[in-house]
Amino acid sequence: MSHDLDPRHLEELKSNLQVRARQLREEIRQTLVKSDDEQYTMIADQVRDLEDDSFADLMVDVNLAEIDRDLQELRLIDAAFLRMSDGTYGLCDGCDSPIEIERLRATPFASRCFDCQSVFERNHVQNIGHTL
Ligand SMILES: [Zn+2]
């Protein structure tokens with residue numbers, strides 16, 4: 001299934017994602033530097049000039065609550081880059097419809113349209129409620 005995402009929009013969203021990924025990596029690096037943990041400061045040294053893929057690999061060994069959210073967002077961004085290269089970016093995971101451009105502008109790594117996302121969040125919250 002193809003989508004009708006304007007190539008200019010795609011470029012714009014891609015560069016937004018690249019800027020955000022750089023910010024996140026820098027935030028994570030700073031947190032590692034300040035962590036007072038020898039192993040983490042060593043990793044921080046290594047990650048400075050890394051490619052995106054190797055960065056994620058290195059982070060597998062890091063278990064710091066402060067960077068959990070950053071890492072999670074970074075993984076979503078990585079997934080968005082993958083979808084860009086295989087041509088499925090901008091299509092909803094749930095219903096295969098094009099995701100609204102307003103939504104992609106606000107959340108460039110979104111993988112669901114507004115409707116499917118709210119259904120997903122409702123189910124997700126309910127599931128958590130059951131297990132607790
Ligand atoms: Zn959808």
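Order of appearance sets the numbers: ligands from 1, and atoms from 1 within every ligand. Side chains included, hydrogens not; waters and symmetry mates left out as well; all remaining heavy atoms used. Index from 1, following the sequence.
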Enquirer: Scan residues 28-38 for pairs that pass salt bridge (Lys or Arg N to Asp or Glu O under 4.0 Å), counting only residues two or more places apart or in two chains.
Expert: Glu26-Arg29
Enquirer: Indicate every side-chain donor-acceptor pair of residues 68-75 with a distance under 3.5 Å to a residue at least two apart or in another chain.
Expert:
{"from": "Glu73", "atom 1": "OE1", "to": "Arg20", "atom 2": "NH2", "distance (Å)": "3.1"}
{"from": "Glu73", "atom 1": "OE2", "to": "Arg20", "atom 2": "NE", "distance (Å)": "2.7"}
{"from": "Glu73", "atom 1": "OE2", "to": "Arg20", "atom 2": "NH2", "distance (Å)": "3.4"}

Enquirer: Among all residues two or more places apart in sequence or in another chain, which pass the ring pair (Phe, Tyr, Trp, His ring centres under 6.0 Å) test with Phe120?
Expert: His124
Enquirer: Would you say CG of Asn63 has more than 12 non-hydrogen atoms from neighbouring residues, nucleotides or ligands within 6.0 angstrom?
Expert: no
Enquirer: I need the protein N, O or S atoms closer than 2.8 Å to the Zn ion (ligand 1), given as residue plus atom name.
Expert: Cys92 SG, Cys95 SG, Cys113 SG, Cys116 SG
Enquirer: Start with the C-alpha gap between Asp45 and Val33, add the side-chain angles, then the distance that decides, and say whether side chain to side chain contact (heavy atoms under 4.5 Å, CB included) holds.
Expert: CA-CA 8 Å; Asp45 274 346; Val33 169; 6.0 Å; no
Enquirer: Flag the pair Arg105 and Glu100 as a salt bridge only when some basic side-chain nitrogen lies within less than 4.0 angstrom of an acidic carboxylate oxygen.
Expert: no
